[in-house]
J.: 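First the structure, which I've put down as structure tokens, then a few questions once you've had a look.
To find a chain, count down the sequence lines: A is the first, B the second, and so on, and within it residues start at 1.
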There are 2 protein chains.
Amino acid sequence: MNNPNPVGVEPQDLVITRLVRAPRALVWKAWADPQLLKEWWCPKPWITEVRAFDMRPGGAFYTFMRGPDGGTSDNPGCFLEVVPKERIVCTSMLLGGWRPATPWLPFTAVISMADEGEGTRYIATVMHPDKATRDKHEEMGFFEGWGTCIDQLEAFAQQLG
Amino acid sequence: MNNPNPVGVEPQDLVITRLVRAPRALVWKAWADPQLLKEWWCPKPWITEVRAFDMRPGGAFYTFMRGPDGGTSDNPGCFLEVVPKERIVCTSMLLGGWRPATPWLPFTAVISMADEGEGTRYIATVMHPDKATRDKHEEMGFFEGWGTCIDQLEAFAQQLG
């Protein structure tokens, strides 16, 4: 299901492409509302707290995750581009108001959604500043983690219908 | 002429505010065309080569400067926001297409222009990730450097009229 090397993507990027079996309007709905997003955003049983969700260019996007063993993951960032039902770009490089961040994991994520049959072609392209950061992200479990979240998004979007 | 602490600015920011004695339309014109920008962008006798200038959100903005003694300054980045004749936001944190950078000097600059009498109130707010980076930028000669560039911008815009 993963396709790490589509045309036009650089060697320091990671890509997941999936056919999500839910209508694009519902996939978008699950993404664009922080009360819904937190239900599928991180692999369960971890839970997501959405600390900021200002979904417009330069708006803060800040999630904080907690695991059952007390582990946490602190992820401030901002939205760069928002095209309703089509495209979301966000980054860990900047905070709300375009303020420079000091990211523990530097990346920009481009999420695209397109109709495909009765489902949604969902592509997440995650760009890193260099190959070492990409490899670190992959070793942290990128494909498993983002794959699980897309599974959760799919199941959640289906029950919104 | 400098005002390092206007309301709403954080301690890790640097700010220059100036009344530029040229109409806002000409100040904008001098900024928005790379062939004109390169004439005033860095303190002379250094010269600017504009390697990319895609003036829209996510578009590359890349300047490379050379000094008479062989020194160089390599400054890739991207535009974040462009409101014609009013506001320009650019950063060293990202490259064209929102790709994460590895900046030697992490910052986001917000340039604002407003009419004031027959001139232009020109404010450059430069945000850094922390106080240490701000202080380094100031010690590198931020106020003198940016101040000289605004002098050059003013003189250049006046002769466009």
Side-chain angles (χ1 to χ4, degrees), chain A residues 6-15 54 56-61 74-83 86-112 123-137 142, chain B residues 6-15 54 56-61 74-83 86-112 123-137 142:
Chain A
V7 176
V9 170
E10 301 290 336
Q12 68 267 39
D13 300 341
L14 290 167
V15 181
D54 184 8
R56 61 191 171 97
F61 178 32
D74 190 23
N75 297 277
C78 91
F79 289 107
L80 297 169
E81 238 188 275
V82 180
V83 182
E86 286 183 22
R87 181 175 157 97
I88 300 159
V89 186
C90 56
T91 191
S92 67
M93 300 293 288
L94 300 170
L95 308 177
W98 308 120
R99 184 169 290 280
T102 307
W104 62 270
L105 183 69
F107 72 89
T108 294
V110 180
I111 309 293
S112 72
I123 305 174
T125 303
V126 184
M127 302 185 284
H128 306 88
D130 48 56
K131 185 72 163 52
T133 307
R134 176 219 174 274
D135 291 348
K136 175 185 162 193
H137 201 175
F142 172 81
Chain B
V7 175
V9 169
E10 301 291 334
Q12 68 268 41
D13 299 342
L14 291 166
V15 181
D54 184 10
R56 60 191 172 98
F61 178 32
D74 191 23
N75 297 278
C78 92
F79 288 106
L80 296 170
E81 237 189 277
V82 179
V83 181
E86 285 184 23
R87 180 174 158 97
I88 300 160
V89 185
C90 56
T91 190
S92 66
M93 299 293 287
L94 300 170
L95 308 177
W98 309 119
R99 185 169 287 281
T102 307
W104 62 271
L105 182 69
F107 73 90
T108 294
V110 180
I111 309 294
S112 73
I123 305 175
T125 303
V126 183
M127 300 186 284
H128 305 88
D130 49 54
K131 187 72 162 48
T133 306
R134 175 219 174 275
D135 291 349
K136 175 185 162 193
H137 202 176
F142 172 81

J.: Ignoring hydrogens, what is the shortest heavy-atom contact between A:G97 and B:M127? Give both atom names and the distance.
T.: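 Result for this residue pair: O-CE, 3.3 Å.
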J.: Is A:L80 in contact with chain B via its backbone, its side chain, both, or neither, using a 4.5 Å heavy-atom distance?
T.: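 Both parts, heavy atoms under 4.5 Å.
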J.: For chain A, find which of B:T102, B:T91, B:L94 contributes the most heavy-atom pairs closer than 4.5 angstrom.
T.: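 That would be B:L94.
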J.: Which atom pair, heavy atoms only, marks the closest approach of B:A101 to A:M93?
T.: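 B:A101 and A:M93 have their closest heavy atoms at O-CE, 3.5 Å.
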